[in-house]
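We number each residue from 1, following the sequence as shown. In listed order, ligands and their atoms are each counted from 1.
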Amino acid sequence: MRLVIVSNRLPFTIKEEMGRFTFKPSAGGLVSGLSAYLDSLRGSSITRKPYLWIGWPGTYLKKEHREEIKKVAYSEYLAYPIFIPEKSMDQFYHGFCNKTIWPLFHYFPSYVVYEEGYWDQYKKVNELFCDAMTEVLKPGDAVWVHDYHLMLLPGLLRNRFSDIPIGFFLHIPFPAYDIFSLLPGKWRYEILYGLLGADLIGFHTFEYTQHFLNCVLRILGLEHNMGAIEVEGRSVKVDAFPMGIDFKRYNKSSSSKSVKAQMLDLKKNLGSLKTIMSIDRLDYSKGVVNRLRGYEVFLEKHPEWHGKVVLLLVVVPSRVGVEHYQLMKRQIDELVGKINGRFGSIQWVPIIYQYRHLPLEPLTAIYNVSDIALITPLRDGMNLVCKEYVASRADKKGVLILSETCGAARELLEAIIINPNHEEEVADAILKGLEMNEEEQRKRMDAMQSRLKLYDVNQWAGTFIHVLNQVKKDQKIFPNRILGDTVRKRMVQAFSNAKSRAIFLDYDGTLAPFSPAPRFAGPDAETMEILEALSKDEKNVVVIVSGRDKGTLDEWFGSLKVNLVAEHGAWIKEEGKEWKLIRPLVKSWKNGIRRILDIYSHRLQGSFVEEKEYSIAWHYREANPESASAVVKELIDYLVYFTSNIDVQIIRGSKVVEVRCASVDKGIAAVYFLSLKPFDFTMAIGDDYTDEDLFRALPQKSWTIKVGTGKTVARYNLKNFMEVRELLHSIVRQ
Ligand code: GDG
């Protein structure tokens with residue numbers, strides 16, 4: 001398998017200097033993290049090409065240089081650059097990515113720009129990625145798409161490559177429904193369906209996973225089962241994969257000669273000052289302004305610490321040119337000036353401020369000498385800086401102060417966790433950190449480090465790819481069961497050879513689509529034509545096995561030469577005879593249940609009760625799926641408790657909860673017909689949970705077919721009622 005990584009940016013930037021091209025490695029969590037994993041994939045073989053990294057190379061190249069650059073990129077980096085026109089890139093990246101998705105997903109709705117032109121370019125660039133990938137993808141490739149820039153790409157790829165394994169990982173938070181739904185309806189819909197083109201969708205935390213599943217339910221109406229969503233016959237898995245770091249690399253950083261030298265230098269300059277470090281890209285989500293205000297409150301409240309502490313503030317330039325970023329840069333500059341002016345003296349500066357990108361060694365030297373890491377983002381998908389700080393401390397010293405609003409706070413529980421919006425809390429945490437004794441620091445560092453060591457970046461990427469392969473394998477089990485041409489031919493042959501045939505057919509969802517109003521879901525001309533053709537043949541015994549009441553079945557199928565089973569097996573009617581109960585049943589329980597279901601149908605708009613003679617059903621097809629999901633669970637819970645002493649069964653079917661007498665089911669009814677005479681061809685088709693009893697009751701060699709993709713004891717699956725009709729047509733025609 002070749003792993004094809006796709007991200008907006010390649011792990012390097014191409015620079016043109018005096019007509020010559022240079023490749024400069026780019027920094028950042030994704031790049032440094034994934035590089036470690038990819039290196040491990042390369043193993044010792046230099047000839048193996050186990051991966052390909054596709055993305056934008058960070059520059060606009062003239063056409064005549066592109067082929068040459070592609071060659072070098074591939075031979076040196078196993079990379080495939082995608083060239084995107086400047087105007088598209090600008091509106092895509094600075095526009096939709098950074099002015100729409102980034103602020104919205106980080107809970108800054110007032111910063112969001114809604115611009116149709118940006119959206120058009122977002123779609124266009126995702127399509128350009130898809131086109132470029134079409135040129136390079138080979139059989140056996142697995143694709144891993146990264147981050148919010150490419151949320152439409154999995155869907156676009158899926159339209160072209162129906163079978164390829166596609167994973168998607170989101171590095172930023174996935175917001176709650178009420179925030180996500182601030183996007184215009186069309187955009188939300190396309191983004192969710194775009195993501196669902198993947199086979200595996202990963203987030204940093206369970207909270208983001210929940211938000212996503214909730215949005216899929218409320219916007220697309222698709223329910224999930226333990227994180228698996230059925231999309232057009234494909235099962236998509238959604239799960240949390242908290243990203244780790246290259247633990248070993250940071251943990252041994254302090255033993256490198258040059259890092260040691262830089263640490264000594266820093267210590268000499270800082271003297272006896274206690275050091276608090278703060279390192280982030282310039283971004284309003286990182287909460288640098290509130291952090292400075294917290295530090296200011298700390299200095300205000302604790303004059304005893306003046307001259308004894310210093311804040312090393314590193315702000316790394318990012319997204320220069322976007323308005324909110326420029327504004328924030330000004331705010332930081334002013335606040336640093338204000339604090340230094342207010343509290344500083346000739347001997348002491350409270351904040352040492354650098355606005356630049358640091359090479360890796362000075363960065364790790366800062367990690368290694370700082371007594372406190374003050375990391376207080378207002379919102380952060382994960383935050384790797386805090387993990388790198390903890391990993392770097394081979395001496396087990398240092399204190400981490402961390403926001404509760406970043407993904408890392410779910411793992412680094414031994415940090416001092418704070419609400420970043422509350423300046424007093426930040427100030428108190430600084431004091432607590434400064435006063436923490438070394439024994440306590442060691443204990444906390446130890447616990448955090450052992451977790452980071454175990455769940456490092458290799459483990460993160462390895463697990464993701466392993467689960468992706470597993471999902472793909474599981475999906476393959478299903479198509480094997482799909483009733484394809486070969487089995488269909490065998491089945492038609494068996495049908496035609498048989499002298500006596502039993503054909504059991506469910507109605508709703510099997511012969512006809514589900515209708516929001518069950519009363520009006522009567523059979524159409526095509527269904528009647530099929531049933532008529534089947535029942536005319538003397539060799540066939542056709543049985544319609546339904547959950548419907550007797551009256552409805554009589555009204556719809558009374559004119560045909562078919563047998564009927566009503567109320568999931570409570571009643572049977574042999575052709576030309578009267579209805580009879582399959583066995584004596586009681587219905588005294590019904591009134592109590594009816595009262596409960598009535599209460600729930602008032603509570604959930606769009607739901608209603610259908611009362612039959614020996615069963616009662618509560619339908620919620622028309623109700624809001626999310627409200628329904630909560631109410632249904634509660635109702636079932638209550639019904640189970642309420643009926644514990646009576647002989648009834650509670651069944652959850654397709655958008656229906658039904659209570660019925662326990663001693664009957666569709667299987668028992670089928671056995672009744674099978675006992676009337678010997679059959680050498682037996683077939684049953686159904687879509688619902690109650691049809692499983694039917695499949696189970698038939699002889700093993702029967703042609704049992706489940707309609708839909710869910711779990712079943714049936715031998716084969718068909719996708720929908722239209723495929724059932726096709727199959728029955730071919731049987732009738734033989
Ligand atoms: C996004 C999500 C999520 C930073 N400054 C310098 C430098 N860095 C490196 C750090 C770290 C990376 O960049 C920053 O990663 P973060 O996770 O802290 O933040 P984002 O860049 O916003 O990353 C975030 C991440 O994706 C991964 O999924 O955790 O939530 O927003 O590795 O070391 N490296 C060097 N000099 C610097 O000045 N050399």
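We find that E296 and K338 are joined by a salt bridge, their nearest charged nitrogen and carboxylate oxygen being less than 4.0 Å apart.
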Open item on the list: Between R291 and E423, does the salt bridge (Lys or Arg N to Asp or Glu O under 4.0 Å) criterion hold? Intermediate values first, please.
Closed with: CA-CA 7 Å; R291 188 173 316 165; E423 293 155 15; over 6 Å; no

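Contacts with ligand 1 closer than 4.0 Å are made by heavy atoms of both the backbone and the side chain of V385.
Close approach of ligand 1 to M382 is summarised as follows: ligand atoms under 4.0 Å from at least one heavy atom of the residue are 3 (C), 24 (C), 29 (O), 30 (O). Close approach to M243 involves these atoms of ligand 1, each under 4.0 Å from a residue heavy atom: 27 (C), 28 (O). The contact set between ligand 1 and L360, taken as ligand atoms under 4.0 Å from a residue heavy atom, comprises 39 (N). Residue Y367 approaches ligand 1 through these ligand atoms, each under 4.0 Å from one of its heavy atoms: 33 (O). Below 4.0 Å from some heavy atom of G381 lie the following atoms of ligand 1, by number and element: 30 (O).
Counting non-hydrogen atoms of other residues, nucleotides and ligands closer than 6.0 Å to OH of Y114 gives a total above 12. Shown here is Y118, whose OH atom has more than 12 heavy atoms of other residues, nucleotides or ligands within 6.0 Å.
Ranked by closest heavy atom to atom 35 (C) of ligand 1, the top entry among N383, I172, L358, L384 is L358. Looking at R281, K286, H146, H171 and measuring to atom 19 (O) of ligand 1, the nearest heavy atom belongs to K286. Nearest-residue assignment for atom 4 (C) of ligand 1 (options V316, L34, D246; heavy-atom criterion): V316.
Under the salt bridge (charged side-chain N to carboxylate O under 4.0 Å, His left out) criterion, E425 pairs with no residue, sequence neighbours left out.
Classified by interplanar angle (parallel below 30°, tilted 30° to 60°, perpendicular above 60°), the ring pair F169/W460 is perpendicular.
Polar contact check, H106 against ligand 1: no nitrogen or oxygen pair lies under 3.5 Å apart. Any N or O atom pair closer than 3.5 Å counts here, and H204 shares at least one such pair with ligand 1.
Side chains of H171 and H146 form a contact here, defined as non-hydrogen atoms less than 4.5 Å apart.
By the 4.0 Å heavy-atom criterion, W102 is counted among the residues contacting ligand 1.
Within the structure, every pair that satisfies the side chain to side chain donor-acceptor pair (under 3.5 Å) test and touches residues 254-268, not counting sequence neighbours, is listed here: S258-E361.
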